[in-house]
Amino acid sequence: MATIQKVLLVDDEDDIRTIGQLSLSRVGGWKTVLASSGAEALEKAGAEAPDVILLDVMMPGMDGPTTFGRLRAQPATANTPIIFMTAKIQKQEVARYLELGAVGVIGKPFDPMTLPQEIRRLVP
């Protein structure tokens, strides 16, 4: 079982980052690092070495799948478990993200009380 201590949450929406941080730190007991864009995610992931990355799919500029590819290309995050978060949770979309190599997909809006539990379920 992987020990999760630090989570990087990447989302361009302030409220998602705020609720996510509360959930991950208070309910999950994890150190939470926030990024509001793909570019910021790449920078913080390299510097912070998170145990898990929660990555929003729809972001202006560099979207989730593009950011995912860049994270995989960085040695520091080549093997970090990445979970996509999306409001559009259709079967073919989920299948595509899993094919990219994501460990799972969490629907938005997520339940802040169960989010850490869902992450633990996806990251063995």
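For the numbers below, each heavy atom of this structure counts, side chains included, while hydrogens, waters and symmetry mates do not. Residue numbers run from 1 in the order of the sequence given.
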Enter the distance from I82:CD1 to F68:CZ here, rounded to the nearest 0.5 Å. 4.5 Å

Step-by-step side chain to side chain contact (heavy atoms under 4.5 Å, CB included) determination, V52 to W30: CA-CA 10 Å; V52 177; W30 300 320; over 6 Å; no

Any chance CZ of R70 has more than 12 other-residue heavy atoms, nucleotides or ligands included, within less than 6.0 Å? no

Can you find a heavy atom in the side chain of V57 that is under 4.5 Å from one in the side chain of P65? yes

Out of the candidates T32, V33, I4, only one should pair with L24 under the side chain to side chain contact (heavy atoms under 4.5 Å, CB included) rule; please name it. T32

I106, L9: one ILVMFWY side-chain cluster at the under-4.5 Å cut-off? yes

Show the nearest heavy-atom pair for residues I53 and P50, with the distance to one decimal. CG1-CG, 3.8 Å

Nearest heavy-atom neighbours spanning F84 and A102: CD1-CB, 3.6 Å

Please evaluate residues T67 and D56 with respect to the criterion side chain to side chain contact (heavy atoms under 4.5 Å, CB included), reporting the C-alpha separation (whole Å), side-chain torsions for both, the decisive distance (0.1 Å), and the verdict. CA-CA 10 Å; T67 304; D56 184 22; over 6 Å; no

Between the main-chain N or O of T80 and the side-chain N or O of T77, is there a donor-acceptor pair closer than 3.5 Å? no

More than 12 heavy atoms of other residues, nucleotides or ligands under 6.0 Å from CD of Q117: is that the case? no

Shortest non-hydrogen separation from L71 to A41 and the atoms involved: CD2-O, 4.3 Å

Given the rule that I, L, V, M, F, W and Y join up when any side-chain heavy atoms are under 4.5 Å apart, are L8 and V27 in one cluster? no

Approximate separation, where rounding is to 0.5 Å, of T66 OG1 and L55 CG: 9.5 Å

Once rounded to the nearest 0.5 Å, what's the spacing between atom CG of L22 and atom CE of M113? 10.5 Å

Looking at every heavy atom in both G104 and L122, which two are closest together, and how far apart are they? CA-CD2, 3.9 Å

L42 vs M62, side chain to side chain contact (heavy atoms under 4.5 Å, CB included): CA-CA, chis, key distance, verdict: CA-CA 11 Å; L42 293 173; M62 203 189 309; 3.9 Å; yes

Taking the side chain from D51 and the backbone from K6, do they hold a donor-acceptor pair closer than 3.5 Å? yes

Are the side chains of T86 and E93 in touch, meaning some heavy atoms are under 4.5 Å apart? no

Rounded to the nearest 0.5 Å, what separates atom CZ in R120 from atom OG1 in T3? 10.5 Å

Between M85 and I16, what is the shortest heavy-atom contact and its length? CE-CG2, 4.4 Å

Report yes or no: does S23 contribute a side-chain atom to a donor-acceptor pair with the main-chain N or O of I19 at less than 3.5 Å? no

I83 side, atom CD1; F110 side, atom CZ - distance, nearest 0.5 Å: 11.5 Å

Between E48 and K44, is there a salt bridge with N-O shorter than 4.0 Å? no

Distance from Q92 atom CD to E99 atom CD, nearest 0.5 Å? 11.5 Å

Stepwise, does the side chain to side chain contact (heavy atoms under 4.5 Å, CB included) test hold for L100 with R72? CA-CA 10 Å; L100 281 176; R72 282 292 173 253; over 6 Å; no

Other residues, nucleotides and ligands only: do more than 12 of their heavy atoms fall within 6.0 Å of CG on N79? no

